[in-house]
Structure formats: structure tokens, C-alpha cells
Q: 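Dropping the structure in here first, questions after.
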There are 2 protein chains.
Amino acid sequence: MFKIINTMSLNVGAHLKAVRQMYSLSQRELAKRAGVTNGLISLIEQNRVSPSVSSLKKVLDGIPMGLADFFTLDLAGKPQVFFPRDELADIGSAQVELRLVGGRLAKRNMSILHERYAPGADTGEEMLTHAGEEGGVVVRGAIELSVGGDTRVLGPGDAFYFVSSLPHRFRNIGREECELVSASSPPTF
Amino acid sequence: MFKIINTMSLNVGAHLKAVRQMYSLSQRELAKRAGVTNGLISLIEQNRVSPSVSSLKKVLDGIPMGLADFFTLDLAGKPQVFFPRDELADIGSAQVELRLVGGRLAKRNMSILHERYAPGADTGEEMLTHAGEEGGVVVRGAIELSVGGDTRVLGPGDAFYFVSSLPHRFRNIGREECELVSASSPPTF
DNA sequence: TCATGGTGTTGATTATTTTAAACACTCTTG
DNA sequence: CAAGAGTGTTTAAAATAATCAACACCATGA
């Protein structure tokens, strides 16, 4: 006699199975690493039981994967990993091209941006200030960066990292386009 | 007779208590919203039981908070200082050049890396797995990226973003050097 | 002083998870 | 075909989680 535990959209079983298979582990192999029985893993994957947190942690330790990552992973369909150039969301303006990596991802820790500044382009009259941190690397051309009163010109290979609550501004004062890759955490976009 | 469930660094009880108090809820109030008994919440907070995932979900729904957020919750970001340009620490190998942005910063939310892969270079035989998320943009050349069983070749302007606990590997299968900028959160380096 | 209503805790019972061992199935090999 | 090693599944017993109802404590106020 079966009982299917349905906890709404919480499908720990299918989720665990998918993760286990991504690591090419059999139920018995994972059970051995995790210090539980293979039967338990079978029952969990069929959603015939809802594992205790401590059990689930033991199981995930055998993979290994943390609880946070486990519950962060997207259930419905595989999360998008690869983002072709054309699929990067363009959130920039006429003069500044900002391409956001992973715009479709519901949840993430960071914004990653591929930025292009036309000659003379900048991030605006007002200095920017917002929560979190940001950093990046200049790939091509040169950019003038002001942060908290300090101003520098960065060229290819140069990098930056600062607390975003300091007033900051980017300006391309050169004659050629400037290209850089940046990241912010928590996500700005 | 007491038994304290040893959950290593997994302290669901204290964690739940902290969250509940942030929302100014009593055990009974939360229990009512969550559809469980106040006694259960008491036992969980004392780590006298390790709740089943379904129970914990019910409890968190009463707050409301998702499982992922619950297990992710840890800290708050810390303000940092401006990062000078000449201080990219090289942490790579002979074939892979990894330049870390902000290597001196004691505490930060992200690692930002400027990476260069020589033709034929890769991240090693073993697939990489670690906590957190990572993403990046390819700037020059091409790189083969495998994540959780999926493999793609990415060229200039193409990007990626994934949960780092999925097994992953980078390989430059092309004839020219590949350059990319990546970020991970929390910091890998 | 003694209610009243709030808090978190506890013991005994019920319900569920977890184990241990066996079962069924698919391969490969002799 | 039979034996062996691999896979996932199942059942009955043991261990643990969750409930229900009572308990103890601390306020406030009649």
C-alpha cells in the first residue's frame, strides 16, 4: 500500500535523483558514502518519505553538496548554464552597452555584466551609490573610474573592486571603445 | 532523558529561532500559521529533533521563507576599500593564468578572476565541485565548458552561470589562447 | 492574592522515518 | 542456461519525529 507524499512543489525525490545522476552515482554507492542505506535513498527518490533534515544532509554530504545549494537548484527543468552572446539581456543605453549574464535566472548571488562604453560614454552625471560590492576587469580600451573621491584610468588587464555604497562613476575619456566584464554581489540587476 | 542531535555545523534549531524572532513571532503564533504544533517548534529549536524536510517547509511557509533562503542565510555583507590596479595575485599554473581581483581583501562576497588558458590547457582531470555559484564571459578565443553532464563550446561574448556544486570543467580545445573573466560567490579564492 | 493570558517546555502516545534483509530485474560471462 | 555482479524496489522491525495535552514560569491587573 502506497502513500505518495505530495508537498506541493517540493519534489525532493526527483531533485535528489537528478543530482545523484549528474554525479554518476548509484543509489548503493551514494548510500555507502553517505552512511545511510540504499533503501532509504530509494524511498526518498520515490517521495515515499520526506527525509529528516539530518538524513538529507548526510546524503548530500556523500555527493558532496550543501543543503543551500540543493534547495537553490532549480527543479523545473535544468537551469540555464550557457548563455550565447545573443541571449544576454541588453540593459544599457545608446552609448553604454550592458549585457547581463543569466538574466533569466530567478535567483542568484551576483550580477555579471559584459559592458561596452563608446568613446565619451559614461554612467551619468550623478555618482552611483547602491548596496553591495562590485568588481571587474578591463578587457580592451581604457576607462576612467572614480570611487569615493579617487580617480584612476584603467587599461586592458587592470581591475577594480570596491564597496558599491561609495559614490562611483565610469567614463570613457579615450578615443576608442572600452570593453570590460564586471560583477556585483548582491545582484544589482 | 535528553539527546542532543549532533548536526555538526548544521544548527537548524538556533537558526530557526533566530529567524522566528526576526519576525517577532512566538512559537505558538508561528505554529498556528504553519499548521504544526507549538511543541514541535520548541523541540526543533532545542535541536531535540531533526525535522523532516516537509515539516521544516511547513514551518518556514508560516514565516514565510523558502528552504533555500533558510539554508543560505548566514551573514551580511561587509563594506570594503578601493582596490588598486597592480595587485592582481597570480594563482594559476603554467598553462592556466588566473589573476585574482581583490586578493588582499580580507572579506568579500565574490572572487573575480581574469583567466587565460593556453591551447590545450584545462582545469584538470577531475571535475571541480565546490559551494556557491559562478559565472563569466568569454572575451577572446574559445573554451569548452562541461557542467553537470552538459558540454558546450563558448566563444567571444558568450557567457555562463551555474551552481558550482555541479561537477564542471574548462578545457581550451582550440588552437589559440582563450581569455575570460569570471566571478564566484561566495569567493573560491 | 488570585485570576488571566502570554511565553516555552515536557511526557506519553501516535505517526513517520530508517534500517536490515530479501526481492526482482538487467546485464555480462562461462 | 546458470552464476555473478550490477541496478532499483519492497517489507517488517526498530528508531525517530510529531502530536496532544498538561505543566511551569512570568507578566499584568482586578
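Residue numbers begin at 1 in each chain, while the letters A, B, ... track the order of the sequences.
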Q: Whole Å only: how far is the NZ atom of B:K58 from the C1' atom of D:dT19?
A: 10 Å

Q: Could you go through B:N47 and B:N11, starting from their C-alpha distance and side-chain angles, then the distance that decides it, and tell me whether this counts as side chain to side chain donor-acceptor pair (under 3.5 Å)?
A: CA-CA 7 Å; B:N47 286 328; B:N11 191 343; 2.8 Å; yes

Q: Less than 4.0 Å between a side-chain N and a carboxylate O, is that true for A:E179 and A:R140?
A: yes

Q: Rounded to whole Å, please give me the gap between NZ in B:K32 and C1' in C:dG8.
A: 17 Å

Q: Would you indicate, yes or no, if C:dT16 has its OP1 or OP2 atom less than 4.0 angstrom from a side-chain nitrogen or oxygen of A:R48?
A: no

Q: With each end axis built from five pairs of C1' atoms, what bend angle do you get for the helix from C:dT1-D:dA30 to C:dG30-D:dC1? Round to 10°.
A: 0°

Q: Is any side-chain heavy atom of B:V137 closer than 4.5 Å to one of B:F160?
A: no

Q: Once you round it to whole Å, what is the distance between C1' of D:dG8 and CD of A:E45?
A: 9 Å

Q: Can you see if the side chain of A:Q46 gets near the phosphate of D:dG8 - specifically, an N or O under 4.0 Å from OP1 or OP2?
A: no

Q: Less than 3.5 Å between a donor and an acceptor, one on the side chain of B:N38 and one on the base of C:dT7, is that the case here?
A: no

Q: By the 4.0 Å heavy-atom rule, please label A:T37 as base, sugar-phosphate, or nothing.
A: base

Q: So, are B:K17 and B:E45 salt-bridged, with charged N and O less than 4.0 Å apart?
A: no

Q: Give the cluster check for A:I63 versus B:L128: same hydrophobic cluster or not, with ILVMFWY residues linked at side-chain heavy-atom distances below 4.5 Å.
A: no

Q: For D:dA18, take OP1 and OP2 only and decide whether either is under 4.0 Å from a side-chain N or O of B:S55.
A: yes

Q: Nearest whole Å is fine: how far is C:dT7 C1' from B:L30 CG?
A: 14 Å

Q: On DNA chain C, does the nearest nucleotide to B:S26 precede the nearest nucleotide to A:L56 from the 5' side, or the other way round? Give the residue.
A: B:S26

Q: Is there a side-chain contact between B:D122 and B:N172 (heavy atoms, below 4.5 Å)?
A: no

Q: Rounded to the Å, how far apart are B:L43 CG and C:dG11 P?
A: 10 Å

Q: OP1, OP2 of D:dA18 versus side-chain N and O of B:S52: anything below 4.0 Å?
A: yes

Q: Tell me: CG of A:L16 to P of D:dG8, nearest whole Å?
A: 11 Å

Q: If I take atom NZ in residue A:K57 and atom C1' in nucleotide D:dT16, what distance separates them, rounded to the nearest angstrom?
A: 19 Å

Q: Between A:Q27 and D:dT9, is there a side-chain N or O to OP1/OP2 distance below 4.0 Å?
A: yes

Q: From D:dA18, C:dT19, C:dT17, pick the nucleotide closest to the side chain of A:S50?
A: C:dT17

Q: Any N or O donor-acceptor pair under 3.5 Å from the base of C:dG8 to the side chain of B:R28?
A: yes

Q: I'd like to know if B:E29 pairs up with B:R20 as an ion pair, taking the criterion as any Lys NZ or Arg NE/NH1/NH2 lying under 4.0 Å from an Asp or Glu carboxylate oxygen.
A: no

Q: Rounded to whole Å, please give me the gap between CG in B:L40 and P in C:dT16.
A: 13 Å

Q: Go through it in stages, so that I can follow the logic: the residues are B:S182 and B:E115, the test is side chain to side chain donor-acceptor pair (under 3.5 Å), and I'd like the CA-CA distance, side-chain angles, deciding distance and then a yes or no.
A: CA-CA 8 Å; B:S182 73; B:E115 314 185 20; 2.5 Å; yes

Q: Is A:R20 near enough to D:dG8 that one of its side-chain N or O atoms lies under 4.0 angstrom from OP1 or OP2?
A: yes

